[in-house]
Engineer: 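One structure, as structure tokens, below. Some questions next.
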Amino acid sequence: MPTPFESASLNLQLFDLRREPVLREAREWFLREFNPESFAELVAALSGERNASFRMVIGYWDLAASLVTSGAIDGDAFRAAHGEIFGAFSKIQPFLAELRTATREPDICKHMEEVIFADPTAEATLARRREALRALAKARSSGETRSAS
């Protein structure tokens, strides 16, 4: 088990990685604009120019979560420092089984899933984040429509 100092140090390093400009832009797109309502919409997004952004965000969070599942970072410390992982996972969780089947990759996001569901309030948190992010996207969309008129 890592010491609190070791967990804090690794969490800070992960936070620093998030500042990388390409990853930062991909995360912004993922949280603000990527809002699939169906597996078909998810596939459509992955088939377009944002495929690399999707893979970057999912890859980053699964890698970060793997530091918890491997024992390098304490899970509670990680979840406290990186709440964004819940928002990111909430976007794909409804379609994860289909994504795993379609890609024949049963381990896609397995570290994210394990870390998130170690939290006893995970289901409620995911539902809350999913709805909040969709509401924000809808509000932005209607605001953009009004300003365009």
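The structure displayed is predicted, hence computed values, not measured ones.
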Engineer: If you compare all heavy atoms of W29 against all heavy atoms of S53, which two are closest, and at what distance to 0.1 Å?
Structural biologist: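 W29 and S53 have their closest heavy atoms at CE3-CB, 3.7 Å.
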Engineer: Strictly by side-chain hydrogen bond (donor to acceptor under 3.5 Å, both in side chains), give each pair with a member in residues 96-105 just once, sequence neighbours left out.
Structural biologist: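 Sorted result for residues 96-105: R100-E113.
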Engineer: Could you tell me whether a side-chain N or O of S9 sits under 3.5 Å from a main-chain N or O of E6, the two making a donor and an acceptor?
Structural biologist: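 A pair under 3.5 Å: no.
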Engineer: Is Y60 reaching over with its side chain to a backbone N or O of R27, donor-acceptor style, under 3.5 angstrom?
Structural biologist: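 Answer holds: no.
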Engineer: Any chance you could measure L42, atom CG, to N35, atom CG, to the nearest 0.5 Å?
Structural biologist: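 Taking CG in L42 and CG in N35, the distance rounds to 11.5 Å.
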Engineer: What about W61 and F89, are their ring centers closer than 6.0 Å?
Structural biologist: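 Aromatic pair excluded; centres sit 6.0 Å or further apart.
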Engineer: Determine whether R18 and E84 satisfy the following criterion, salt bridge (charged side-chain N to carboxylate O under 4.0 Å, His left out), listing intermediate values before the conclusion.
Structural biologist: CA-CA 11 Å; R18 291 169 33 181; E84 183 182 318; 3.4 Å; yes
Engineer: Does any N or O in the side chain of S7 come within less than 3.5 Å of the main-chain N or O of P4, such that one atom is a donor and the other an acceptor?
Structural biologist: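 No.
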Engineer: Can you tell me how the ring of F54 sits relative to the ring of F34, calling it parallel under 30°, perpendicular over 60° and tilted otherwise?
Structural biologist: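 It falls in the perpendicular class, over 60°.
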Engineer: Please answer whether the main-chain N or O of M112 pairs with a side-chain N or O of D62 as donor and acceptor at a distance below 3.5 Å.
Structural biologist: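 At least one qualifying donor-acceptor pair exists.
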Engineer: Before you tell me yes or no, could you show the steps for R32 and E25 under salt bridge (charged side-chain N to carboxylate O under 4.0 Å, His left out), namely the whole-Å CA-CA distance, both residues' side-chain angles and the distance that decides it to 0.1 Å?
Structural biologist: CA-CA 10 Å; R32 292 174 59 104; E25 192 280 330; over 6 Å; no
Engineer: For the backbone of R130 and the side chain of K91, can you confirm whether one donor and one acceptor N or O come within less than 3.5 Å of each other?
Structural biologist: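 Judged by distance alone, no pair lies under 3.5 Å.
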Engineer: So, does R79 use its side chain to make a donor-acceptor pair with the main chain of V115 at under 3.5 Å?
Structural biologist: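 Checking the backbone N and O of V115 against the side chain of R79, a donor-acceptor pair under 3.5 Å is found.
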Engineer: Run E37 and R134 through salt bridge (charged side-chain N to carboxylate O under 4.0 Å, His left out) and show every step you take.
Structural biologist: CA-CA 10 Å; E37 296 283 338; R134 284 180 179 162; 3.6 Å; yes
Engineer: Check whether any side-chain N or O of N51 sits under 3.5 Å from a backbone N or O of S47 as a donor-acceptor pair, and report yes or no.
Structural biologist: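 Checking the backbone N and O of S47 against the side chain of N51, no donor-acceptor pair under 3.5 Å is found.
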Engineer: Would you find a donor on one side and an acceptor on the other, under 3.5 Å apart, between the side chain of D74 and the backbone of A77?
Structural biologist: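 Answer holds: yes.
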Engineer: Give a yes or no on whether F5 and L67 share a hydrophobic cluster (residues Ile, Leu, Val, Met, Phe, Trp, Tyr; joining criterion: side-chain heavy atoms under 4.5 Å apart).
Structural biologist: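 No, F5 does not connect to L67 through the hydrophobic network.
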